[in-house]
Amino acid sequence: MENGYQNYGQQEAYGQGMAEGNIPNDGEYGGNFFQDLDYGLCKRCRRRSIDRSENPDSVLCRDCREELIRLKIPPVFYIVGAAVILMAAFTFAVSAGGFRNFGSYNNANGTAEEGYVLTAMDNLLEILEENPDNKDTAVKLADIGMEYGYYDYAAYAIQEYLVGKEVSDFQYAKVNGYITKLEIYYDTYDLYEEIWEEAFGDISYADEAEISPEDIYSRMDEVSRELSEYIGKDGYDQALLYYYLGNVSAETEEMMEYYEKCIALDPYYYDAQASIAAYYRRQGELERARQQLEEIYAVNKESFEVLRVYATLELVEGNLKQGLDYALQAYELYPEGNYVIDTYIVALVANGKTEEAEELVREYEEEYVFDDDLYAFLNGEMTLKEYYIGD
């Protein structure tokens, strides 16, 4: 049954049973995670085909490869504040021909405040591509990225368009503060990567079939213990630490507790928010799930994780057309996201678009492994409520 988690940490456990949806919520998985493994599938998610378009030795699908690097920025970014920007009093003036998309620049904050955060940032990126010297635009892009938790956008704006440029004293102080926060954030990411590598780096491609579930759990516990040692320590992003602790937690309640602590410090972890809402939905606490989703959806209407879980809630409550609308939005934003295609297919069937759904199933079956419960739903053996509520 689709479980709603955007749980990347558990998917990184090098085992099919640790992938989303395969391990029961009570943690009592009794089989071999690597039994009957199709080695043509991504080693991380076990659901999509390996993408070797960029590297013939790759063992990841495109989605997982991008997910693993999405928080990373080039090492050149790790530079001392004084070397980033030349501190000078500077008043920005629009040059002749500059700001050809002036309306987009003026409306960027309004667009973001209305919940269209990605649209606002992409508009600013378009301006910067045409006018790379427009430092005000770069600062605004960094502002939005930092405010809404899109740190890769902020880092890109600083690295590509502000490094070595003269700015006002105010902008200098602001961006320097961003750099400090970004360095802490990415240092915490590097810490997690090192701890994970220590725990799982010795598992070779040939050895995977011999790894027991007990060994996997033991290694996950070790990752959790080591991460926990940095809780409360200066120089580490505490929200990100709690997020990672949630990712590596095998017990559902513990996972939700960590996610709650994460979003209490930084509410803009959209997949953590969506996972909490999905947990409430599975428990049948639909009003609580809706409240969780409404609050974060008001902030960001372009998070595919939030849209996907919102779709499942609308479907299970009988709002079929609205459910399809949200599912389609998630699909158009990021079809490779976890359970995005599944949710869209379910929404199509629920709205009587069975032929379109079956066509998508045939299309994706070539590179994507659907859960048995999806086929049960398609065959009429499972209702929407059975599919989306309960363990």
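Sequence positions, counted from 1, serve as the residue numbers for this chain.
- Checked by atom type, the side-chain pair Asn300/Tyr150 shows a donor-acceptor distance below 3.5 Å.
- With hydrophobic clusters built from ILVMFWY side chains whose heavy atoms lie under 4.5 angstrom apart, Leu191 shares a cluster with Ile231.
- More than 12 non-hydrogen atoms from other residues, nucleotides or ligands lie less than 6.0 angstrom from NZ of Lys301.
- Side-chain contact check for Ile158 versus Leu182: some heavy-atom pair is nearer than 4.5 Å.
- Taking every heavy atom of both residues into account, Val163 and Gln159 meet most closely at CG2-O, 3.4 Å.
- Looking at Arg225 and Glu229, no side-chain N of the basic residue comes within less than 4.0 Å of a carboxylate O on the acidic one, giving no salt bridge.
- Using a 4.5 Å heavy-atom cutoff, the side chains of Leu315 and Tyr326 are not in contact.
- Around atom CD of Glu365, more than 12 heavy atoms belonging to other residues, nucleotides or ligands sit under 6.0 Å away.
- Here the straight-line distance linking atom CE of Met256 with atom CD of Gln283 works out to 10.0 Å at 0.5 Å rounding.
- More than 12 non-hydrogen atoms from other residues, nucleotides or ligands lie less than 6.0 angstrom from CD of Glu260.
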Quick one: do Asp237 and Tyr242 satisfy side chain to side chain donor-acceptor pair (under 3.5 Å)? Show the steps, please.
CA-CA 9 Å; Asp237 189 308; Tyr242 281 124; over 6 Å; no
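- Ser228 places a side-chain N or O within donor-acceptor distance of the main-chain N or O of Ser224, the cut-off being under 3.5 Å.
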Residue pair Tyr186, Asp190: steps toward the side chain to side chain donor-acceptor pair (under 3.5 Å) verdict
CA-CA 6 Å; Tyr186 290 115; Asp190 289 339; over 6 Å; no
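- In terms of the ring-ring contact (aromatic ring centres under 6.0 Å, His included) criterion, residue partners of Tyr148 (sequence neighbours excluded) are, by chain and number, Tyr268.
- Closest approach of Glu302 to Leu118, counting heavy atoms only: OE1-N, 2.9 Å.
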Start with the C-alpha distance between Ile345 and Tyr364, add both sets of side-chain angles, then the distance that settles side-chain contact (heavy atoms from CB on, under 4.5 Å), and finish with yes or no.
CA-CA 11 Å; Ile345 288 170; Tyr364 276 85; 5.7 Å; no
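- Ala120 approaches Ile144 most closely through the heavy-atom pair CB-CD1, 4.3 Å.
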Taking it one step at a time, do Ile127 and Asn123 satisfy side-chain contact (heavy atoms from CB on, under 4.5 Å)?
CA-CA 7 Å; Ile127 294 172; Asn123 285 344; 5.6 Å; no
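- Proximity of Ile296 to Ile263: side-chain heavy atoms (C-beta onward) are nowhere separated by under 4.5 Å.
- Using cut-offs of 30° and 60° for the angle between ring planes, the Phe370 and Tyr375 rings count as perpendicular.
- Within 6.0 Å of CD on Glu287 lie no more than 12 heavy atoms contributed by other residues, nucleotides or ligands.
- Contact annotation: the side chain of Leu348 approaches that of Tyr344 to within less than 4.5 Å [non-hydrogen atoms, C-beta and beyond].
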Taking it one step at a time, do Asp215 and Arg219 satisfy side-chain contact (heavy atoms from CB on, under 4.5 Å)?
CA-CA 6 Å; Asp215 190 7; Arg219 291 168 188 250; 2.9 Å; yes
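- Judged as a side-chain hydrogen bond (donor to acceptor under 3.5 Å, both in side chains), and not counting sequence neighbours, Tyr297 has no contacts.
- Tested against Glu314, the residues Arg290, Arg308, Lys321 include a single salt bridge (Lys or Arg N to Asp or Glu O under 4.0 Å) partner, Arg290.
- Judged by distance alone, with hydrogens and angles left aside, the side-chain atoms of Glu183 form no donor-acceptor pair with the main-chain N or O of Gly235 at under 3.5 Å.
- Residues Tyr258 and Asn247 form no side-chain contact, since every pair of their non-hydrogen atoms from C-beta on lies 4.5 Å or further apart.
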Begin from the C-alpha positions of Tyr153 and Asp122 and carry the test side chain to side chain donor-acceptor pair (under 3.5 Å) through to its verdict.
CA-CA 9 Å; Tyr153 274 84; Asp122 287 342; 3.0 Å; yes
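- Put simply, the residue from Tyr334, Tyr270, Tyr331 that forms a side chain to side chain contact (heavy atoms under 4.5 Å, CB included) with Phe304 is Tyr334.
- Linking ILVMFWY residues whenever their side-chain heavy atoms come closer than 4.5 Å, directly or via other members, leaves Leu293 and Tyr116 in distinct clusters.
- Scanning all heavy atoms of the two residues, the minimum distance from Met146 to Ala154 falls at SD-CB, 3.5 Å.
- Not one N or O on the side chain of Gln322 forms a donor-acceptor pair closer than 3.5 Å with the backbone of Leu320.
- Tyr230 is not listed as a side-chain neighbour of Thr188, based on a closest heavy-atom distance of 4.5 Å or more.
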side-chain contact (heavy atoms from CB on, under 4.5 Å) evaluation trace for Val223 with Leu227
CA-CA 6 Å; Val223 172; Leu227 283 174; 4.0 Å; yes
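- Enclosure of atom CG in Asp372 is not indicated, since only 12 or fewer non-hydrogen atoms of other residues, nucleotides or ligands lie within 6.0 angstrom.
- Listed for the Lys165 side chain is no donor-acceptor partner under 3.5 Å among the backbone atoms of Asp133.
- We find the CG-CD distance between Asp202 and Glu197 to be 9.0 Å, quoted to the nearest 0.5 Å.
- Atom CD of Glu160 sits about 10.5 Å away from atom CG of Leu125, to the nearest 0.5 Å.
- Between Ile276 atom CD1 and Cys262 atom SG the span is 8.0 Å, to the nearest 0.5 Å.
- Atom-to-atom distance recorded for Asp143:CG and Met121:CE is 12.0 Å, nearest 0.5 angstrom.
- No side-chain heavy atom of Val139 sits under 4.5 Å from any side-chain heavy atom of Asp136.
- Using a 4.5 Å cut-off on side-chain heavy atoms (C-beta onward), Ile184 and Leu240 make no contact.
- The two atoms that bring Ala357 and Val349 nearest to each other are CB-CG2, 3.5 Å, heavy atoms only.
- Residue Thr137 holds its OG1 atom at 12.0 Å from CD of Glu129, rounded to the nearest 0.5 Å.
- Taking both residues in full, the closest heavy atoms of Gly246 and Met255 are given as O-CG, 3.2 Å, listed atom of the first, atom of the second, then distance.
- With sequence neighbours excluded, no residue forms a side-chain hydrogen bond (donor to acceptor under 3.5 Å, both in side chains) with Tyr161.
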